[in-house]
Amino acid sequence: MSKFTRGLNAEQSRAVRTTKGPLLVLAGAGTGKTRVITHRIAHMLSRGVAPRSVLAMTFTNKAAGEMKDRIRQLVSKRGVSDLTVGTFHSFCMRSLRQYGDRVGIRKAFGICDADDQLVAMKRALRELQIPETTLAPRACLGQVSLLKNRMMAPDALASSGDDRDIDIAQAYRRYDAGLRASGVLDFDDLLLYMVKLLDDKRTLSQFRKRFQYLLVDEYQDTNGPQYEIVKRIGGEHRNVCVVGDDDQSIYGWRGADVSKILNFEDDFPKAVVVRLETNYRSTPEIIDGANAVIRNNTSRHEKALRAACASGESIQVNSLPDEEAEAQYVVEDVLARVRDRLVPPGDVAILFRTAIQPRLFELRLREQNIPYVLVGGMSFFDRKEIKDILSYLKLVANPEDELSLLRVINTPPRGIGLTSVETMLAVAAQRSISVAEVIRQGDSVPGLRAATVESARRFLSTIDGLRELQDGPNLVDLVKRLIREVRYDRELERAYADPTARAKRWEAVKEVVNMAEMHARRRRGANLGTFLDDVALSASDEEEGDEPSDDKLTLMTLHSAKGLEFGEVYLVGVEEGLLPHLRSIQDGAVEEERRLAYVGITRAKRRLTITYAKSRGRFGQRVTPLPSRFLYELHGKQAPTALLERSQAEAVGGSSPTTSPTPAKKGPTSRRSKKKAVKRPSAAKQPARKRG
DNA sequence: CTGTCCTATCTTTTT
DNA sequence: GATAGGACAG
């Protein structure tokens with residue numbers, strides 16, 4: 001018995017001790033998953049496994065950081081630093097930086113974010129002369145991403161014969177070509193090219209030899225390429241441990257594939273399967289509810305949570321007349337309990353399905369002076385000024401990055417307007433050269449004024465000048481000089497008349513400098529490239545606000561709640577059409593919604609309150625939703641067929657505006673237009689200000 | 001290039 | 001009903 005199995009239950013201990021061969025750990029919510037993972041690695045190291053032969057992959061930076069921290073608490077520092085613990089994406093990025101040339105990409109590739117992707121897709125559609133009204137860039141991007149996540153080539157769609165699919169397939173190819181020309185990869189590409197890299201025999205055997213022990217966290221969220229990576233590297237030695245919970249797979253819409261965890265034993269025959277079913281988080285009442293709901297899913301590993309905690313309150317379910325009353329009820333309940341010192345605000349969460357729901361809750365919370373954080377929303381990196389500066393930096397690092405170039409070429413305004421840019425793009429396409437090259441050839445380009453060309457050249461030479469500093473030791477200096485030399489202050493002056501707003505933006509700009517400073521301090525050998533990598537792959541973890549803090553109530557979506565726990569939880573808006581969401585009902589994806597509900601329920605340690613509204617404004621109309629089918633299930637019943645049918649009918653009816661044979665009876669205000677809205681009381685009178 | 005009007009859209013968003 | 005993005009005019 002090793003010291004790392006002490007204090008663990010039988011199943012946990014078995015998982016920790018199984019260090020060789022394939023291992024599937026089905027870890028229900030609150031069953032000590034992280035503990036098992038970290039103890040298992042510590043145990044392996046104590047048994048002589050070389051730290052550098054261990055590869056542990058997670059989905060978030062946060063999870064990776066936590067894993068490292070907790071292993072560090074268990075073993076000596078030396079061992080930990082040689083472990084490879086990181087997100088799939090960062091692992092792939094590092095590997096491609098090292099061996100990218102083996103799959104035909106430059107090692108100095110850039111990484112493009114969601115914004116860049118959208119720009120690239122718009123450009124692709126324009127070049128293909130597919131109007132955005134026919135195919136929305138966002139939707140198209142989503143489809144392409146899904147294809148990539150399923151490792152499907154564009155041809156797979158093109159052959160379907162459907163017009164839209166053909167367009168998407170074309171857009172896919174064009175979009176990819178655009179990214180390649182700009183020397184950038186999107187997030188999905190990082191994984192795809194890694195798979196490709198592992199197609200190379202030499203590389204594959206190198207990786208197999210190096211990484212003798214694999215561990216994958218949240219395996220239920222694995223998508224196609226991630227699965228291939230695991231299978232390839234681990235396929236020979238088969239020391240593959242995957243940990244996850246099929247009941248918490250909630251990212252199917254992003255290409256995550258539950259079947260991977262369901263079929264693990266087929267992929268890795270004779271796998272040891274350990275089920276962690278003892279829940280140390282919640283009261284039996286809460287666990288009963290969770291079990292009762294999730295039991296209704298058909299495709300899952302059979303299991304049920306057992307509560308280890310003492311009995312507590314039963315789950316409360318409350319219906320309220322409308323969403324206003326719902327918010328009011330919840331906030332008043334919180335207020336009373338906080339006042340009576342039954343719970344600190346920091347131990348309370350309000351969970352909801354969609355991003356618009358928190359509004360009313362925010363309003364009320366502010367009214368009552370209850371401090372709160374809204375998790376999610378706009379990240380620091382989504383702010384325009386931050387993106388601008390980062391685009392400049394990306395352009396410095398990668399002269400071919402046209403996405404970035406186009407973003408900042410006239411920011412601040414340099415007299416290079418839309419028309420000029422369009423001319424440049426057209427000429428670039430026509431002569432098959434880059435936009436930068438067009439600018440260099442500017443004199444021979446019809447339609448470009450001399451002043452424009454001159455200004456564009458000055459812009460390029462500023463960037464070129466900065467480029468000479470990029471490998472230099474002083475990253476911070478580079479960033480500062482860039483901000484000065486491109487005259488970003490002018491941009492702020494132009495865009496923000498209000499001095500306070502301007503000052504605030506300037507603060508954000510300076511924050512980039514701070515980030516660079518931090519990066520330079522933390523990492524040896526830091527340069528522009530390492531900085532940009534860091535920023536690209538660590539989207540939102542920095543910064544205030546986001547982190548659930550000790551003294552603030554948390555407002556967040558069910559998706560962001562996964563992996564967290566709170567003393568008291570309010571699960572709100574539990575109605576047909578919201579949870580399960582309308583779209584999921586349409587798409588026949590109710591099981592994933594049920595998992596979402598399950599995730600929500602299992603976040604609560606001691607007290608769970610579920611609410612739903614009998615009337616709710618949706619898309620400007622007032623609807624009278626039915627209580628969610630999950631509420632029936634919660635009490636061990638089946639939702640009435642009539643409810644399911646009506647729900648289905650509404651989902652289908654609501655989706656296609658062409659066919660509206662007015663489903664069941666709705667409220668009296670059902671399909672009235674604009675004017676009627678005036679009579680609505682106070683709904684959104686007070687415009688929600690910035691969150692506190 | 002900026003300001004305005006208009007209209008399409010309205011889940012979730014680890015990287 | 002709100003919002004964001006595009007089209008169009010000035």
Side-chain angles (χ1 to χ4, degrees), chain A residues 57-64 86-93 111-114 117-118 122 131-133 136-139 141-142 145 149 185-191 217-218 220-223 225-226 250-256 351-357 359 375-379 381-382 410-420 494-495 533-541 556-563 573 577-587 589 592-593 595-596 599-600 617-622 654-655 657 673-674 676-678 680 683-685 687-688:
Chain A
M57 284 180 287
T58 65
F59 282 82
T60 66
N61 294 302
K62 202 173 145 203
T87 63
F88 270 99
H89 289 85
S90 68
F91 171 66
C92 295
M93 185 205 69
I111 297 168
C112 73
D113 61 19
Q117 284 184 287
L118 193 62
K122 281 182 180 172
E132 295 189 359
T133 43
R138 272 230 147 70
L141 208 48
S145 176
N149 289 161
L185 301 182
D186 66 21
F187 287 127
D188 302 325
D189 288 335
L190 288 173
L191 305 175
D217 190 19
E218 305 278 14
Q220 76 280 359
D221 291 334
T222 328
N223 65 21
Q226 287 162 336
I250 55 176
Y251 285 102
W253 53 277
R254 269 186 92 161
L351 307 180
F352 38 83
R353 177 65 178 85
T354 70
I356 36 160
Q357 284 171 271
R359 288 204 166 169
V375 176
M378 185 139 96
S379 120
F381 294 95
D382 292 336
N410 204 34
T411 312
R414 318 190 157 78
I416 307 169
L418 219 66
T419 343
S420 307
R494 183 196 66 77
D533 280 352
D534 223 47
V535 169
L537 294 184
S538 67
S540 69
D541 32 77
M556 66 180 153
T557 64
L558 288 165
H559 283 89
S560 24
K562 194 174 72 168
L578 212 47
L579 184 69
H581 196 275
L582 200 72
R583 279 284 295 269
S584 300
I585 299 172
Q586 281 165 23
D587 302 348
E592 183 153 309
E593 298 287 308
R595 293 193 286 265
L596 220 31
V599 167
R618 197 157 57 194
F619 305 152
Q621 282 184 354
R622 198 130 277 280
S655 75
S673 49
K674 324 284 171 209
K676 196 77 196 188
V678 182
R680 279 196 56 213
K685 273 215 178 113

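Proteins get letters first, then strands, A, B, ... in listed order; numbering begins at 1 in each. Just so you know, these numbers use all the heavy atoms, side chains as well, and skip hydrogens, waters and symmetry mates.
Remark: P of C/dT3 and CZ of A/Arg138 are 16 Å apart, rounded to the nearest angstrom. For the pair A/Ile250 CD1 and B/dT12 P, the interatomic distance rounds to 13 Å; values are reported in whole Å. The CD-C1' distance, from A/Glu218 to B/dT15, rounds to 14 Å in whole Å. Counting to the nearest Å, the P atom of B/dT15 and the CD1 atom of A/Ile111 are 13 Å from each other. Going from atom CZ of A/Arg595 over to atom P of B/dT14 covers 19 Å, rounded to whole Å. Rounding to whole angstrom units, CD of residue A/Gln220 and C1' of B/dT14 are separated by 11 Å. The separation between A/Arg359 atom CZ and C/dA2 atom C1' is 6 Å, rounded to whole Å. For A/Met556 and B/dT12, the CE to P distance is 15 Å, given to the nearest whole Å.
Comparing B/dT15, B/dT14, B/dT13 by their nearest atom to the side chain of A/Phe59 picks out B/dT14. The side chain of A/Glu132 lies closest to C/dG6 when the candidates are C/dG6, C/dT3, B/dT13.
The closest side-chain heavy-atom distance from A/Ile111 to A/Leu185 is not below 4.5 Å. Taking the side chain as every heavy atom from C-beta outward, A/Phe352 and A/Thr557 approach each other to under 4.5 Å. Using a 4.5 Å heavy-atom cutoff, the side chains of A/Ile250 and A/Leu558 are not in contact.
Comparing the C1' positions of B/dT14 and C/dT3 gives a spacing of 26 Å, expressed to the nearest Å.
When heavy atoms are screened at a 4.0 angstrom cut-off, A/Phe88 is found touching no nucleic acid atom at all. Looking at heavy-atom distances under 4.0 Å, A/Asp221 makes contact with a base.
Checking the phosphate oxygens (OP1, OP2) of B/dT13, a side-chain nitrogen or oxygen of A/Thr557 falls inside 4.0 Å. Using a 4.0 Å cut-off, no side-chain N or O of A/Lys562 falls inside it from OP1 or OP2 of B/dT12. The phosphate of B/dT14 (OP1 or OP2) has no side-chain N or O of A/Asn61 nearer than 4.0 angstrom.
When each of A/Pro137, A/Ser145, A/Cys112 is checked for a side chain to side chain contact (heavy atoms under 4.5 Å, CB included) with A/Gln117, only A/Cys112 meets the rule.
Under the 3.5 Å distance criterion, the side-chain polar atoms of A/His89 are left unmatched by any main-chain donor or acceptor of A/Leu537. Listed for the A/Asn410 side chain is a donor-acceptor partner under 3.5 Å among the backbone atoms of A/Ile416.
Its glycosidic angle being within 90° of 0, B/dT11 falls on the syn side.
Remark: aromatic rings of A/Trp253 and A/His581 are distant, center separation not under 6.0 Å.
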Heavy-atom contacts, protein to nucleotides 1-11 of chain B, under 4.0 Å, summarised as B (base), S (sugar-phosphate only) or - (none) per nt, yield SS-------BB

